[in-house]
Amino acid sequence: MASRFSGALQLTNLDDFITPSQECIKPVEIQKNKTQVGSKIKIEDDGSYTELFETGPSTKLQKVEITLADCLACSGCITSAESVLVSQQSQEELEKVFKEKLEKQKNNEGDAKFIVVSLSVQPILSLAERYKLSPTQTALKLANFFKSMGADMVLDMTVAEDLALIESAKEFVERFKASKDSKNQLPMLASSCPGWVCYAEKTHGNFILPYISVTKSPQQIMGSLVKYHLANVKGLNPESLYHITLMPCYDKKLEASREDFYNKLRETRDVDCVITAVELEQMLSGQGKSLQDFDDGGLDKPFSSKEQENSGILLGHQGSGSGGYADFIFHYAAKNLFQEHNAKLEFKTLRNPDFLEASLEINNESVLRFAIANGFRNIQNLVQKLKRGKCSYHYVEVMACPTGCLNGGAQVRSEQGTQPRELALKLESEYQKLPTSDPEKNAAVHTLYKIWLEGENSDKAEAYLHTQYHEVQKLNAAVSIKW
């Protein structure tokens, strides 16, 4: 079955927007009728349009479609070079890699790729809802599914998520202390959402980039961990290991394709292929199977201690279903900046349910102001506040999708007509029921800092856990000219 990513752009159930402009117009060839006879347009009961002529037969009009190729042409969101990289992130490419591996094993060829799959919690919850399974059952059946296709290891991403939270919290504390000397230190804006980062780089460039956290997303930290630690433990070269991640949105494909995450010396990417929940559903459907058809497998835990292996198969974090960034950083900052070890965090809804704020009050003074801004409507308002110098927040958890990552663009939609927001809230409820990981108490994290990264403030930690962003100049392509 063809990937949904390569089909017509689907604009359904939108509850968010980016202000349209003349630059986003597809130039089309208008088919003019050679006759001088007038015509009328009739709207049929099924919503289709028919052109009625005074003489001659009527003609059913084709609907206008905006394809991914059309969007790529304007370079406003994705460049044509990026589209080539994204094509390497398809389910067809994934199936091809698995097929090649199985053929090489069958022929006793020794150069088959060692395949590692990393599972993110958000698509697991989406698939659990789709197949009426518990999150833990879903994770175990996914492990069996991928191993049946040829995967050597299937991992959960808790340790990468914990590393991302700790590094983000440390970065915030450093920025807060330095903010007295530089106005561009705060607010610190989360960087784990590639849709938001892509928008920032291509729309607001160097104005907004200094505010964005330089800590890598969990996906890319997992990529570094797999390619440059696990590979070494297994006695493999990074380029001989093929790393797949299961993610909740298509933008993660763009993130994995960034040049910053490509090792030119080794000629390998930290993440070779990103597969999404909806694509995995299509893979199963293409095989005529349901996830329920698979027995429970086992998740590999190469970075966990014996105690952690038995503490819970699937873990979440306190706070939002997008990873709990605002929650963890708030408590970390309260403790390390103001010695408040039991700070109470209560988010209040402002103008809409996707914009929340909370503060830490000490002696009737607000010393920390945090916010969560989901969706481009709120992102645009946030950017405008920054430009006017009216933003009073110290940290903002920013996600491009309304209600956050659990409502990612590649999550499986309900077959029963449930609205995306309602489904996301249901998944949020399931996320809050998961056992939670405490990054500061995760023994595996401390071990990795010591053994792999050679210390929390080492050059290795800087290289493997941090990244950088770049302003992207708009191309003066003919398609973007305002006629």
Side-chain angles (χ1 to χ4, degrees), residues 4 10 12-16 118-143 145 156-158 161 165 190 192-196 217-219 245-252 274-282 284 290-292 299 312-328 347 349 352-356 372-375 378 397-437:
R4 186 179 298 183
Q10 297 184 353
T12 58
N13 295 320
L14 291 180
D15 59 355
D16 197 26
S118 298
L119 307 179
S120 179
V121 66
Q122 289 87 4
I124 291 176
L125 291 172
S126 179
L127 291 165
E129 172 65 19
R130 167 66 179 85
Y131 293 105
K132 308 305 177 187
L133 299 165
S134 71
T136 295
Q137 281 180 313
T138 303
L140 296 179
K141 289 181 185 298
L142 282 172
F145 167 70
D156 73 275
M157 291 180 55
T158 303
E161 292 162 356
L165 289 173
S192 62
C193 173
W196 145 243
S217 71
Q219 170 176 274
T245 59
L246 177 65
M247 288 288 143
C249 71
Y250 292 121
D251 288 333
K252 284 293 180 181
V274 177
I275 196 73
T276 63
V278 72
E279 289 172 303
L280 193 137
E281 179 196 27
Q282 290 173 350
L284 288 166
S290 164
L291 195 59
Q292 296 172 332
L299 290 175
I313 294 174
L314 191 65
L315 301 176
H317 290 88
Q318 286 189 342
S320 72
S322 297
Y325 279 84
D327 189 284
F328 180 80
F347 277 103
T349 302
N352 59 75
D354 281 321
F355 200 99
L356 311 172
I372 295 177
N374 293 325
N378 293 317
E397 179 183 303
V398 185
M399 300 293 161
C401 293
T403 71
C405 294
L406 289 169
N407 188 34
Q411 295 280 72
V412 181
R413 300 307 174 193
S414 173
E415 295 182 332
Q416 300 174 349
T418 305
Q419 292 299 311
R421 183 175 294 276
E422 294 176 28
L423 179 58
L425 291 175
K426 184 175 181 180
L427 297 185
E428 181 80 40
S429 175
E430 293 300 315
Y431 181 83
Q432 300 302 329
K433 295 176 185 178
L434 294 175
T436 56
S437 173

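Closest of all the heavy-atom pairs between Ala400 and Cys193 is N-SG, 3.3 Å. Contact between Ser192 and Met399 at its shortest, heavy atoms only, is OG-CE, 3.3 Å. Minimum interatomic distance between Gly323 and Gln122 (heavy atoms only, all atoms of both residues): N-NE2, 4.2 Å. Shortest non-hydrogen contact noted between Pro248 and Cys405 is CB-O, 3.6 Å. For the residue pair Glu397 and Gly324, the shortest heavy atom distance occurs at OE1-C, 4.0 Å. Closest non-hydrogen pair, Met247 versus Ser120, comes out as CE-CB, 3.7 Å.
Counting heavy atoms from C-beta on, the side chains of Pro135 and Leu434 come closer than 4.5 Å. Residues Phe355 and Ile372 are not in side-chain contact: their nearest non-hydrogen atoms beyond the backbone lie 4.5 Å or more apart. Contact of the Thr403 side chain with the Glu428 side chain is not registered, since no non-hydrogen atoms from C-beta on lie closer than 4.5 Å. Counting heavy atoms from C-beta on, the side chains of Pro353 and Arg421 come closer than 4.5 Å. When side chains are defined from C-beta on, Asp251 does not count as touching Trp196, because their heavy atoms never get closer than 4.5 Å. At least one side-chain heavy atom of Leu127 sits less than 4.5 Å from a side-chain heavy atom of Tyr131. In this structure, Ile124 and Leu314 have side chains that are in contact, with non-hydrogen atoms separated by less than 4.5 Å. Using a 4.5 Å heavy-atom cutoff, the side chains of Arg130 and Arg413 are not in contact.
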Might you work through the side chain to side chain contact (heavy atoms under 4.5 Å, CB included) test for Leu246 and Leu142, ending with a clear yes or no?
CA-CA 10 Å; Leu246 177 65; Leu142 282 172; 3.9 Å; yes
Is there a side chain to side chain contact (heavy atoms under 4.5 Å, CB included) between Lys252 and Ser217? Walk through the geometry before answering.
CA-CA 10 Å; Lys252 284 293 180 181; Ser217 71; 3.6 Å; yes
As a quick check of understanding, evaluate side chain to side chain contact (heavy atoms under 4.5 Å, CB included) for Leu119 and Leu299, giving each step before the final call.
CA-CA 10 Å; Leu119 307 179; Leu299 290 175; 3.8 Å; yes
Worked verdict on Glu279 versus Tyr250 for side chain to side chain contact (heavy atoms under 4.5 Å, CB included)
CA-CA 10 Å; Glu279 289 172 303; Tyr250 292 121; 4.0 Å; yes
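Within 6.0 Å of the CD atom in Gln318, the count of heavy atoms belonging to other residues, nucleotides or ligands does not exceed 12.
Each of Asn407, Val398, Asp354 was scored for a side chain to side chain contact (heavy atoms under 4.5 Å, CB included) with Asn374, with one residue passing: Asp354.
With values rounded to the nearest 0.5 angstrom, Leu406 atom CG is found 11.5 Å from Cys249 atom SG. Considering NE2 of His317 and CG of Leu165, their distance stands at 5.0 Å, rounded to 0.5 Å. In this structure, CG in Asn352 is found 4.0 Å from CG in Asn378, a value given to the nearest 0.5 Å. Residue Thr138 holds its OG1 atom at 10.0 Å from CD of Glu129, rounded to the nearest 0.5 Å. Rounding to the nearest 0.5 Å gives a distance of 6.5 Å between OG of Ser126 and CG of Leu423. To the nearest 0.5 Å, atoms CG (Leu125) and NZ (Lys426) are separated by 12.0 Å.
No side-chain donor-acceptor contact under 3.5 Å links Gln432 and Ser429.
Under the rule for a side chain to side chain donor-acceptor pair (under 3.5 Å), Thr136 has no partner lying at least two apart in sequence or in another chain.
Formation of a donor-acceptor pair under 3.5 Å by the Gln411 side chain with backbone atoms of Gly408 is not found in this model.
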